[in-house]
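Position 1 is the first residue of the sequence, and the numbers go up from there.
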Amino acid sequence: MPENSEVPDASDADVPDVPDVPDVPDVRTLDPRSLRGLAHPLRMRLLVNLRHHGPATASQLAERLGESSGATSYHLRQLAEHGFVSDDPGRGKGRERWWKAEDKGVMLDNALHHDPNPAVRGALNTFMHEVASGHDRELSTWLGTMHDWPKTWTTKADFSDFTLRLTPELLAELDGRMHDLIDSYRGLAMPEGEQDVAQVRIHLHAFPQRKLDTPDA
């Protein structure tokens with residue numbers, strides 16, 4: 001399922017089934033209130049980190065993300081208020097508080113694009129830009145560390161783009177088929193720790209583009 005999607009069918013491209021990541025519900029559909037609760041760059045990074053790497057404390061997350069523990073603690077509490085994260089009482093000791101994600105991904109209700117409330121439109125804009133920024137960070141991390149991976153991985157990673165001429169209906173069909181294809185590989189997921197098995201990130205971007213006017217020769 002996608003971590004962040006506008007496709008109405010549940011389909012996170014999300015965390016694989018690994019032992020250290022709790023079994024949680026698949027996809028949560030965002031409404032105006034939950035969107036406004038999530039649409040903050042640090043909150044979104046915290047939630048993605050918990051999904052990808054499993055439960056953690058505010059201090060651990062602060063170190064990973066280069067933030068103060070006060071900031072991560074505050075925004076984790078805000079995420080908890082909206083049901084995106086919760087305590088993981090089976091971990092830690094004493095006053096140490098561990099947090100876990102409550103979903104594997106979120107999905108946008110398409111009605112949010114037409115919400116008349118300026119606050120909702122602003123939250124949607126923040127959400128979409130942070131999704132794009134998160135993808136950029138992941139790609140930059142891969143480019144900066146790819147030579148630390150075996151050649152079997154560096155030669156299989158894909159950087160491709162395509163240009164098609166489609167109607168909105170054909171784009172929706174193509175997008176649905178790509179999601180279905182990705183979902184078909186979930187049943188092939190290999191156990192954590194086996195040789196040549198890694199968590200793989202897949203980003204899907206598909207959008208219309210205006211052609212620039214070409215002056216007469």
* Starting at CD of Glu102, measure out to CG of Leu79 and round the result to the nearest 0.5 Å. => 11.5 Å
* With a 4.5 Å heavy-atom cut-off, do Arg177 and Leu181 have their side chains touching? -> no
* Gap between atom CE of Met146 and atom OG1 of Thr141 - 0.5 Å precision -> 13.0 Å
* Asked: If you look at every heavy atom in Pro41 and Glu130, which pair is closest and at what distance?
  -> CB-OE1, 3.6 Å
* Asked: Judged by modelled atom types alone, do His129 and Asn125 share a side-chain donor-acceptor pair under 3.5 Å?
  -> yes
* Asked: With the 4.5 Å side-chain cut-off for hydrophobic clustering, are Trp98 and Tyr74 part of the same group?
  -> no
* **Atom of Asp88, atom of Pro55 and distance for their closest heavy-atom approach** => OD2-CG, 3.3 Å
* Asked: Hydrophobic cluster mates of Phe162, side-chain heavy atoms under 4.5 angstrom, ILVMFWY only, any path?
  -> none
* **Salt bridge present between Glu81 and Arg77 (N-O < 4.0 angstrom)** => no
* Structure fact -> Between Ala101 and Arg51 the two heavy atoms that sit nearest each other are CB-CG, 3.9 Å
* Asked: NZ/Lys211 to OG1/Thr163 distance, rounded to the nearest 0.5 angstrom?
  -> 10.0 Å
* To do: Answer yes or no on whether Arg43 is positioned over the face of Phe84, meaning its NZ or CZ is under 6.0 Å from the six-membered ring centre and within 45° of the axis.
  => no
* Asked: Does Ser140 use its side chain to pair, donor to acceptor, with the backbone of Asp136 at less than 3.5 Å?
  -> yes
* Return yes if a side-chain donor-acceptor contact under 3.5 Å exists between Glu67 and Thr72, otherwise no. => no
* Consider only side-chain N and O atoms of Glu138 and His203, and report whether a donor and an acceptor are under 3.5 Å apart. => yes
* Under a 4.5 Å side-chain heavy-atom rule over Ile, Leu, Val, Met, Phe, Trp and Tyr, are Leu143 and Ile202 clustered together? -> yes
* To do: Could you pull out the closest heavy-atom pair between Arg36 and Ala123, with the gap in Å?
  => CG-CB, 3.9 Å
* Got Leu30 and Leu38 here, is their nearest side-chain heavy-atom distance under 4.5 Å? -> yes
* Structure fact -> Here the gap from Leu108 atom CG to His113 atom NE2, rounded to the nearest 0.5 Å, amounts to 5.5 Å
* Flag side-chain contact, heavy atom, 4.5 Å: Leu164 against Leu171 -> no
* Identify whether Val131 and Leu46 are in the same connected component of the hydrophobic contact network (ILVMFWY, side-chain heavy atoms under 4.5 Å). => yes
* Note, Asp87 side chain near Trp99 side chain (heavy atom, < 4.5 Å) -> yes
* **Qualifying residue for side chain to side chain contact (heavy atoms under 4.5 Å, CB included) with Leu35, from Asp109, Thr29, Leu112** => Leu112
* Check the surroundings of atom NZ in Lys156: do more than 12 heavy atoms from other residues, nucleotides or ligands lie under 6.0 Å from it? => yes
* To do: Hey, could you give me the CG/NE2 distance between Leu65 and His75, rounded to the nearest 0.5 Å?
  => 11.5 Å
* Judged by modelled atom types alone, do Thr145 and Asp148 share a side-chain donor-acceptor pair under 3.5 Å? -> no
* Within-4.5 Å side-chain heavy-atom neighbours: Arg91 and Glu96 -> no
* If we only count heavy atoms from C-beta on, is the Pro32 to Asn117 side-chain gap below 4.5 Å? -> no
* To do: Flag yes if Val200 and Ile182 sit in one hydrophobic cluster, no otherwise; membership is Ile, Leu, Val, Met, Phe, Trp, Tyr, and two members link when side-chain heavy atoms are under 4.5 Å apart.
  => yes
* To do: Could you tell me the separation between the CD atom of Gln60 and the NE2 atom of His53, rounded to the nearest 0.5 Å?
  => 12.5 Å
* Can Phe159 be reached from Met178 by stepping across I, L, V, M, F, W or Y side chains whose heavy atoms are under 4.5 Å apart? -> yes
* Should Asp115 and Leu124 count as side-chain neighbours, where that means a heavy-atom distance under 4.5 Å? -> no
* Hey, are the side chains of Leu170 and Thr167 touching, using non-hydrogen atoms and a 4.5 Å cut-off? -> yes
* Asked: Heavy-atom count around His147 NE2 within 6.0 Å, excluding the residue itself: above 12?
  -> no
